[in-house]
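Scroll down for the structure; my scribbles are underneath it.
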Amino acid sequence: SLFVADGHRMVKKIDERRGIVTEFVKLDVTPCYLALVSDDSLFISCCYAHIIMKVDIHSGNKIVIVAGQKRREGYRDGPGDEAMFNFLNGLTFDSHSNSLIVADSWNHCIRRISLRPGDNYQVTTIAGVAQQYDYRDGPSHLALFNHPSGVTIDEDGAIILADTYNSCIRRISPDGKEVTTIAGVATEFGYANGSVLNAKFFAPHQVITDLSRHCIYISDTFNNLIQ
(Lines give C-alpha, C1' and ligand atoms only; values in the text may rest on other atoms or scores of the structure.)
Protein backbone atom coordinates (compact mmCIF):
# COMPACT_ATOMS: atom_id res chain seq x y z
CA SER A 1 0.00 0.00 0.00
CA LEU A 2 0.93 3.65 -0.44
CA PHE A 3 0.14 6.39 2.06
CA VAL A 4 -0.45 9.99 0.95
CA ALA A 5 -0.51 13.20 2.98
CA ASP A 6 -3.65 14.98 1.81
CA GLY A 7 -3.95 18.73 2.49
CA HIS A 8 -7.57 18.21 3.50
CA ARG A 9 -6.28 17.19 6.95
CA MET A 10 -6.13 13.48 6.30
CA VAL A 11 -3.84 10.66 5.27
CA LYS A 12 -5.11 8.49 2.43
CA LYS A 13 -4.23 4.90 1.63
CA ILE A 14 -3.81 3.58 -1.90
CA ASP A 15 -4.34 -0.15 -2.35
CA GLU A 16 -2.24 -0.75 -5.47
CA ARG A 17 -3.50 -4.28 -6.08
CA ARG A 18 -7.17 -3.37 -5.95
CA GLY A 19 -6.79 0.14 -7.38
CA ILE A 20 -8.73 1.71 -4.51
CA VAL A 21 -8.10 4.93 -2.56
CA THR A 22 -9.52 5.19 0.96
CA GLU A 23 -9.30 7.62 3.87
CA PHE A 24 -6.81 6.11 6.31
CA VAL A 25 -6.91 8.63 9.13
CA LYS A 26 -8.59 12.01 9.70
CA LEU A 27 -6.56 14.67 11.52
CA ASP A 28 -7.25 18.09 13.01
CA VAL A 29 -4.00 19.45 11.51
CA THR A 30 -2.49 19.46 8.02
CA PRO A 31 -0.05 16.61 7.26
CA CYS A 32 2.94 17.46 5.09
CA TYR A 33 5.41 14.54 4.93
CA LEU A 34 5.20 10.88 5.94
CA ALA A 35 7.74 8.30 7.07
CA LEU A 36 6.87 4.62 7.36
CA VAL A 37 9.19 3.21 9.99
CA SER A 38 8.00 -0.35 10.50
CA ASP A 39 4.97 -2.54 9.98
CA ASP A 40 3.09 -0.64 12.67
CA SER A 41 4.38 2.96 12.74
CA LEU A 42 3.60 5.82 10.39
CA PHE A 43 5.08 9.19 11.37
CA ILE A 44 3.68 12.48 10.08
CA SER A 45 5.28 15.92 9.99
CA CYS A 46 2.64 18.62 10.38
CA CYS A 47 4.19 21.81 9.02
CA TYR A 48 1.65 24.38 10.21
CA ALA A 49 1.13 22.74 13.60
CA HIS A 50 4.90 22.31 14.26
CA ILE A 51 4.57 18.71 15.47
CA ILE A 52 5.45 15.12 14.61
CA MET A 53 2.63 12.60 15.03
CA LYS A 54 2.60 8.81 15.13
CA VAL A 55 -0.24 6.63 13.87
CA ASP A 56 -0.78 2.91 14.28
CA ILE A 57 -0.52 1.54 10.76
CA HIS A 58 -2.90 -1.37 11.31
CA SER A 59 -5.84 0.46 12.81
CA GLY A 60 -5.40 4.09 11.73
CA ASN A 61 -5.95 5.20 15.30
CA LYS A 62 -3.80 5.52 18.42
CA ILE A 63 -2.68 8.92 17.14
CA VAL A 64 -0.11 10.54 19.41
CA ILE A 65 2.13 13.59 19.25
CA VAL A 66 5.71 12.43 19.75
CA ALA A 67 7.56 15.73 19.37
CA GLY A 68 6.80 19.45 19.30
CA GLN A 69 4.22 21.80 20.77
CA LYS A 70 0.95 21.83 18.87
CA ARG A 71 0.47 25.14 17.01
CA ARG A 72 3.35 26.73 18.94
CA GLU A 73 6.42 27.51 16.86
CA GLY A 74 9.87 27.95 18.38
CA TYR A 75 13.21 26.25 18.75
CA ARG A 76 14.25 23.90 21.53
CA ASP A 77 16.13 20.60 21.69
CA GLY A 78 15.27 18.03 24.36
CA PRO A 79 12.68 15.31 25.01
CA GLY A 80 9.95 15.17 22.42
CA ASP A 81 7.30 16.66 24.67
CA GLU A 82 9.53 19.68 25.38
CA ALA A 83 11.12 20.20 21.96
CA MET A 84 9.93 22.96 19.62
CA PHE A 85 9.99 23.35 15.85
CA ASN A 86 9.02 25.97 13.29
CA PHE A 87 7.34 24.72 10.11
CA LEU A 88 8.40 21.09 9.76
CA ASN A 89 8.87 19.78 6.26
CA GLY A 90 10.79 16.75 4.99
CA LEU A 91 10.78 13.61 7.10
CA THR A 92 12.63 10.32 6.66
CA PHE A 93 13.67 7.30 8.68
CA ASP A 94 17.36 6.70 9.35
CA SER A 95 17.81 2.98 10.01
CA HIS A 96 21.51 3.50 10.82
CA SER A 97 20.66 5.44 13.99
CA ASN A 98 17.05 4.30 14.53
CA SER A 99 15.81 7.86 14.32
CA LEU A 100 13.72 10.25 12.29
CA ILE A 101 15.44 13.02 10.35
CA VAL A 102 13.35 16.15 9.87
CA ALA A 103 13.87 19.44 8.06
CA ASP A 104 12.94 22.24 10.46
CA SER A 105 12.42 24.70 7.65
CA TRP A 106 11.85 28.05 9.34
CA ASN A 107 14.51 27.34 11.92
CA HIS A 108 16.80 26.60 8.95
CA CYS A 109 18.29 23.46 10.48
CA ILE A 110 18.13 19.67 10.38
CA ARG A 111 16.92 17.84 13.49
CA ARG A 112 17.02 14.23 14.67
CA ILE A 113 14.32 12.48 16.71
CA SER A 114 15.50 9.33 18.45
CA LEU A 115 13.24 6.27 18.25
CA ARG A 116 15.35 4.22 20.61
CA PRO A 117 13.41 2.76 23.55
CA GLY A 118 13.71 4.94 26.63
CA ASP A 119 14.94 8.03 24.74
CA ASN A 120 11.56 9.78 25.00
CA TYR A 121 11.81 10.88 21.36
CA GLN A 122 14.83 13.02 22.20
CA VAL A 123 15.33 15.85 19.69
CA THR A 124 18.79 17.11 18.73
CA THR A 125 20.02 19.51 16.07
CA ILE A 126 22.32 17.81 13.57
CA ALA A 127 23.27 20.73 11.36
CA GLY A 128 22.58 24.41 10.91
CA VAL A 129 22.44 27.43 13.18
CA ALA A 130 18.89 27.74 14.47
CA GLN A 131 16.95 30.75 13.25
CA GLN A 132 19.80 31.93 10.99
CA TYR A 133 19.52 31.54 7.24
CA ASP A 134 22.27 31.89 4.65
CA TYR A 135 24.61 29.60 2.77
CA ARG A 136 27.73 28.05 4.25
CA ASP A 137 29.39 24.64 4.01
CA GLY A 138 31.70 23.32 6.71
CA PRO A 139 31.34 21.91 10.21
CA SER A 140 27.72 20.98 10.86
CA HIS A 141 27.28 23.30 13.82
CA LEU A 142 28.42 26.27 11.70
CA ALA A 143 26.80 25.36 8.38
CA LEU A 144 23.93 27.52 7.18
CA PHE A 145 20.80 26.62 5.21
CA ASN A 146 17.90 28.60 3.80
CA HIS A 147 14.56 26.85 4.24
CA PRO A 148 15.63 23.19 3.93
CA SER A 149 12.78 20.95 2.80
CA GLY A 150 13.10 17.35 1.60
CA VAL A 151 15.48 14.91 3.31
CA THR A 152 16.61 11.38 2.49
CA ILE A 153 19.36 8.93 3.49
CA ASP A 154 21.92 7.60 1.02
CA GLU A 155 23.55 4.17 0.98
CA ASP A 156 26.42 5.36 3.19
CA GLY A 157 24.10 6.74 5.86
CA ALA A 158 24.66 10.38 4.88
CA ILE A 159 21.73 12.79 4.96
CA ILE A 160 20.86 14.37 1.60
CA LEU A 161 18.65 17.45 1.68
CA ALA A 162 17.07 19.99 -0.61
CA ASP A 163 18.23 23.43 0.51
CA THR A 164 15.28 25.08 -1.12
CA TYR A 165 15.99 28.80 -1.09
CA ASN A 166 19.69 28.27 -1.71
CA SER A 167 18.62 26.21 -4.76
CA CYS A 168 21.11 23.43 -4.18
CA ILE A 169 21.43 19.92 -2.76
CA ARG A 170 23.48 19.46 0.41
CA ARG A 171 24.98 16.45 2.18
CA ILE A 172 25.55 15.87 5.89
CA SER A 173 28.30 13.27 6.41
CA PRO A 174 27.37 9.95 8.05
CA ASP A 175 29.08 11.02 11.27
CA GLY A 176 27.05 14.24 11.24
CA LYS A 177 30.11 16.46 11.40
CA GLU A 178 30.40 18.02 7.95
CA VAL A 179 28.08 19.72 5.45
CA THR A 180 28.96 19.91 1.75
CA THR A 181 27.16 20.96 -1.42
CA ILE A 182 26.82 18.07 -3.86
CA ALA A 183 24.71 19.59 -6.65
CA GLY A 184 23.65 22.99 -7.87
CA VAL A 185 25.16 26.47 -7.85
CA ALA A 186 24.28 27.79 -4.41
CA THR A 187 22.03 30.88 -4.28
CA GLU A 188 21.63 30.91 -8.09
CA PHE A 189 18.13 30.11 -9.32
CA GLY A 190 17.80 28.76 -12.83
CA TYR A 191 17.88 25.69 -15.03
CA ALA A 192 20.98 23.94 -16.34
CA ASN A 193 21.98 20.32 -16.77
CA GLY A 194 25.58 19.16 -16.72
CA SER A 195 28.14 18.36 -14.06
CA VAL A 196 26.66 18.39 -10.56
CA LEU A 197 28.32 21.61 -9.41
CA ASN A 198 27.42 23.47 -12.61
CA ALA A 199 23.80 22.33 -12.72
CA LYS A 200 21.13 24.78 -11.63
CA PHE A 201 17.82 24.27 -9.86
CA PHE A 202 14.93 26.55 -9.02
CA ALA A 203 13.90 26.05 -5.38
CA PRO A 204 14.10 22.23 -5.14
CA HIS A 205 11.78 20.82 -2.50
CA GLN A 206 12.09 17.06 -2.32
CA VAL A 207 14.84 14.48 -2.72
CA ILE A 208 14.75 10.70 -2.70
CA THR A 209 17.53 8.15 -3.08
CA ASP A 210 17.32 5.20 -5.46
CA LEU A 211 19.79 2.81 -3.86
CA SER A 212 19.49 0.25 -6.67
CA ARG A 213 20.62 2.80 -9.26
CA HIS A 214 22.95 4.77 -6.97
CA CYS A 215 21.24 8.06 -7.77
CA ILE A 216 19.13 10.81 -6.27
CA TYR A 217 15.86 12.14 -7.70
CA ILE A 218 15.08 15.82 -7.12
CA SER A 219 11.79 17.68 -7.45
CA ASP A 220 12.94 20.89 -9.13
CA THR A 221 9.87 22.80 -8.06
CA PHE A 222 9.71 25.99 -10.08
CA ASN A 223 11.31 24.42 -13.13
CA ASN A 224 8.41 21.94 -13.05
CA LEU A 225 10.80 19.00 -13.40
CA ILE A 226 12.03 15.81 -11.78
CA GLN A 227 15.80 15.67 -12.14
Side-chain angles (χ1 to χ4, degrees), residues 3 5 11 25 27 29 31-131 139-143 145 148-161 170-179 207-209:
F3 294 91
V11 174
V25 61
L27 305 170
V29 294
C32 292
Y33 284 81
L34 308 176
L36 186 61
V37 170
S38 67
D39 289 339
D40 58 4
S41 298
L42 180 69
F43 289 87
I44 308 167
S45 69
C46 303
C47 44
Y48 301 105
H50 317 294
I51 55 173
I52 301 290
M53 305 180 78
K54 179 183 177 181
V55 182
D56 181 273
I57 204 72
H58 299 297
S59 63
N61 53 32
K62 298 181 183 177
I63 305 170
V64 294
I65 297 172
V66 300
Q69 312 293 313
K70 192 173 184 179
R71 297 190 176 92
R72 289 182 57 206
E73 73 272 14
Y75 172 79
R76 184 190 299 142
D77 281 340
D81 59 357
E82 298 177 11
M84 299 184 78
F85 305 95
N86 193 353
F87 202 85
L88 293 165
N89 254 319
L91 180 69
T92 194
F93 175 60
D94 180 8
S95 61
H96 299 84
S97 62
N98 192 22
S99 63
L100 295 172
I101 306 300
V102 61
D104 191 358
S105 291
W106 289 355
N107 278 324
H108 310 288
C109 56
I110 305 300
R111 318 280 293 275
R112 184 189 304 277
I113 304 171
S114 175
L115 300 182
R116 293 174 180 169
D119 273 4
N120 298 315
Y121 298 105
Q122 184 77 19
V123 177
T124 54
T125 299
I126 305 170
V129 180
Q131 302 173 332
S140 296
H141 69 288
L142 298 176
F145 306 100
S149 297
V151 290
T152 189
I153 306 296
D154 74 8
E155 57 191 348
D156 298 320
I159 299 168
I160 309 298
L161 64 111
R170 316 282 292 276
R171 179 183 187 269
I172 303 173
S173 59
D175 61 9
K177 293 181 179 180
E178 194 78 13
V179 175
V207 287
I208 189 168
T209 47

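Nothing fancy with the numbering, it's 1 onward along the sequence. Keep in mind that the numbers below use all heavy atoms, side chains included, and drop hydrogens, waters and symmetry copies.
Nearest heavy-atom pair across Gln69 and Ala83 is NE2-O, 3.3 Å. Taking every heavy atom of both residues into account, Ser45 and Leu88 meet most closely at CB-CB, 4.2 Å. Across all non-hydrogen atoms, the minimal contact from Thr125 to Cys109 is CG2-CB, 4.1 Å. Here the closest non-hydrogen pair linking Leu91 and Val151 is N-CG2, 3.7 Å. Contact detail for Glu155 and His96: the closest heavy-atom pair is O-NE2, 4.3 Å. What you find for Val179 and Ile172 is that their closest heavy atoms are CG2-CG1, 4.0 Å.
Across Ile160, Leu161, Ile159, a single residue satisfies side-chain contact (heavy atoms from CB on, under 4.5 Å) together with Thr152, and that is Ile160.
Side chain of Ser105 to main chain of Pro148: a donor-acceptor pair is present (N/O by atom type, distance under 3.5 Å, no hydrogens or angles). With hydrogens and angles ignored, the 3.5 Å screen pairs a side-chain donor or acceptor of Ser140 with a backbone N or O of Glu178. Checking side-chain atoms of Ser114 against main-chain N and O of Gln122 turns up no donor-acceptor pair under 3.5 Å.
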Pair Ile63-Val25, side chain to side chain contact (heavy atoms under 4.5 Å, CB included): steps then yes or no: CA-CA 9 Å; Ile63 305 170; Val25 61; 3.2 Å; yes
Audit row: Lys54, Val37, side chain to side chain contact (heavy atoms under 4.5 Å, CB included) steps and yes/no: CA-CA 10 Å; Lys54 179 183 177 181; Val37 170; over 6 Å; no
Stepwise side chain to side chain contact (heavy atoms under 4.5 Å, CB included) check, Ile113 with Phe43: CA-CA 11 Å; Ile113 304 171; Phe43 289 87; over 6 Å; no
Residue pair Met84, Tyr75: steps toward the side chain to side chain contact (heavy atoms under 4.5 Å, CB included) verdict: CA-CA 5 Å; Met84 299 184 78; Tyr75 172 79; 5.7 Å; no
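Taking the six-membered ring where the residue is Trp, the centroids of Phe87 and Tyr48 are separated by under 6.0 Å.
Here the side chains of Ile44 and Tyr33 are not in contact, with every heavy-atom distance at 4.5 Å or above. A heavy-atom distance below 4.5 Å is not found between the side chains of Val123 and Glu82. With contacts defined as side-chain heavy-atom distances shorter than 4.5 Å, the pair Phe145/Arg170 qualifies. Side-chain atoms of Leu115 and Phe93, non-hydrogen and from C-beta on, do get closer than 4.5 Å to each other.
Residue Ile208 qualifies as open at atom CD1: its count of foreign heavy atoms under 6.0 Å is 12 or below. Heavy-atom neighbours of Arg71 CZ from other residues, nucleotides or ligands within 6.0 Å: above the threshold of 12. For NZ of Lys177, the number of neighbouring non-hydrogen atoms (other residues, nucleotides, ligands) closer than 6.0 Å is 12 at most.
For the atom pair OG of Ser41 and CG of Leu100, the computed distance is 9.5 Å after rounding to the nearest 0.5 Å. To the nearest 0.5 Å, atoms SG (Cys46) and CG (Asn89) are separated by 11.5 Å. We find the CG-CG distance between Leu34 and Leu36 to be 9.0 Å, quoted to the nearest 0.5 Å. Remark: Ile101 CD1 to Ile153 CD1 distance equals 5.0 Å, nearest 0.5 Å. Rounded to the nearest 0.5 angstrom, Asn86 CG and Asn107 CG are separated by 5.0 Å. In this structure, CE on Met53 lies 6.0 Å from NZ on Lys70, to the nearest 0.5 angstrom.
For the residue pair His58 and Asp56, no side-chain donor N or O sits within less than 3.5 Å of a side-chain acceptor on the partner.
Distance check for Cys32 and Cys47: the SG atoms are under the 2.5 Å cut-off.
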